[in-house]
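One structure below.
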Number of protein chains: 2
Amino acid sequence: MEHTLNIAKALADGNRMRVIVALMSRDELCVCQITEMLQLAPATVSRHMTILQNARLVQNRKEGRWVFYRLLKPFPEPLYQWLQASLAGSREIQEDSRQLQEILSCNPDDLCRRQKNRKKCHHSH
Amino acid sequence: MEHTLNIAKALADGNRMRVIVALMSRDELCVCQITEMLQLAPATVSRHMTILQNARLVQNRKEGRWVFYRLLKPFPEPLYQWLQASLAGSREIQEDSRQLQEILSCNPDDLCRRQKNRKKCHHSH
DNA sequence: CCTTTGTTTCGTCAATTAGCGAAACATACA
DNA sequence: TGTATGTTTCGCTAATTGACGAAACAAAGG
């Protein structure tokens, strides 16, 4: 039961659920892109991704300085269908999807620059 | 997303997952029977069942002093299939199933008497 | 009524978890 | 080799959660 329970625990967090659903239609996402979508500290995102990876829901691929995550294949089919059916109409998920289009339209470099600027901005407060 | 997340949270606990799986093959179970299976305090079991009910995974029916819980229909089909497939071979679940046969073989009265005896036994330590 | 009994609610405590910043790591590039 | 940059690990804090016992509730039966 342990593995099944780990999957349930991995999904029992709103941010992690958003990531999984995002990956269901996006093939792969870089950590910095996920960070942008969730609006969390990189350290926090990294921690979430580790939990998802330990639950064997995602896998990662390094490319230079970037780490890209994707769903681990084979992804449990019933789980996939459940999330798909349950969250298709969710406002938050749709908003994530819309924002991801924006995020993906610029390359990771620009994205990370944008994040750095935001950080500076926060410090000025 | 809130409802979907509530379901994931409801399943993200070993004891609650055991209850759901037990109800997948047992139609309905009394609180005292679930208490016997999980070996937890009645108050704790009641709390778990409330969480499952708020997630709309179970419903209850009162009969005299007893409260029987069953899966709420319609139970999300993909979720049902996922649990079925993932936990069919689980040692713990099989052990629960075996023990439930025992529990169900005596009527609730005897069961609760047994629980009371165990409680007295604990006090004597 | 009053007692018994099964369940739930409440209050509390210990354990777990999500979040962050700082520091460590790792990789590219000057 | 040194610096910049993306990611992860570590240490800590605040919030959440699971567990229990005591007390409240609800239903049956003397």
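Letters A, B, ... mirror the listed sequences (proteins, then strands); counts begin at 1.
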### Query
Quick one, which residues of residues 14-23 of chain B touch DNA chain C with a heavy atom under 4.0 Å?
none

### Query
So, Glu77(A) versus Gln81(A): side-chain donor-acceptor pair below 3.5 Å or not?
yes

### Below 4.0 Å: OP1/OP2 of dC20(D) and any side-chain N or O of Thr44(B)
yes

### Query
So which heavy atom on Met37(A) is nearest to which on Gln99(A), and how close?
O-OE1, 3.8 Å

### Message
My understanding is that only residues two or more places apart in sequence, or in another chain, count here; which of them pass side chain to side chain contact (heavy atoms under 4.5 Å, CB included) with Ser97(A)?
### Response
Arg26(A)

### Task
Kindly indicate whether the side chain of Val67(B), heavy atoms from C-beta on, has any atom under 4.5 Å from the side chain of Arg61(B).
no

### Message
Expressed as a whole number of angstroms, how long is the span from Leu29(B):CG to dT7(C):C1'?
### Response
16 Å

### Message
How many whole angstroms separate atom CZ of Arg47(A) from atom P of dG19(C)?
### Response
9 Å

### Query
Pick the nucleotide of DNA chain C nearest each of Gly64(A) and Val67(B); which residue has the one closer to the 5' end?
Val67(B)

### Message
What is the separation between atom CG on Leu40(B) and atom C1' on dT17(D), rounded to the nearest whole Å?
### Response
14 Å

#### Entry: Length of the line joining Leu5(A):CG and dG18(D):P, which is rounded to integer Å
11 Å

### Message
Considering every strand and a 4.0 Å limit on heavy-atom distances, what is the contact class for Ala43(A): base, sugar-phosphate, or nothing?
### Response
base

## Note on the structure
Here the distance between atom P of dC29(C) and atom CZ of Arg65(A), to the nearest Å, is 6 Å

### Query
Which whole-number value in Å describes the distance from Asp13(A) CG to dT17(D) C1'?
14 Å

### Message
Output the rounded distance in Å from CH2 (Trp66(A)) to C1' (dT8(D)).
### Response
17 Å

### Query
Would you say dG6(D) has OP1 or OP2 under 4.0 Å from some side-chain N or O of Tyr69(A)?
no

### Query
Hey, does Asn15(B) have a side-chain heavy atom less than 4.5 Å from the side chain of Leu40(B)?
yes

### Backbone of Met24(B) reached by a side-chain donor or acceptor of Tyr80(B) within 3.5 Å
yes

### Message
Counting C-beta onward and ignoring hydrogens, is there a side-chain heavy-atom pair between Leu29(B) and Tyr69(B) closer than 4.5 Å?
### Response
no

### Message
Rounded to whole Å, how long is the line connecting atom CZ of Phe68(A) with atom P of dT27(C)?
### Response
15 Å

#### Entry: Residue-phosphate contact under 4.0 Å: Ser46(A) side-chain N/O, dT8(D) OP1/OP2
yes

### Query
By a strict heavy-atom criterion of less than 4.0 Å, which residues belonging to residues 48-63 of chain A are in contact with DNA chain C?
His48(A), Ile51(A)

### Query
Thinking salt bridges, do Glu95(B) and Arg91(B) make one under a 4.0 Å N-O criterion?
no

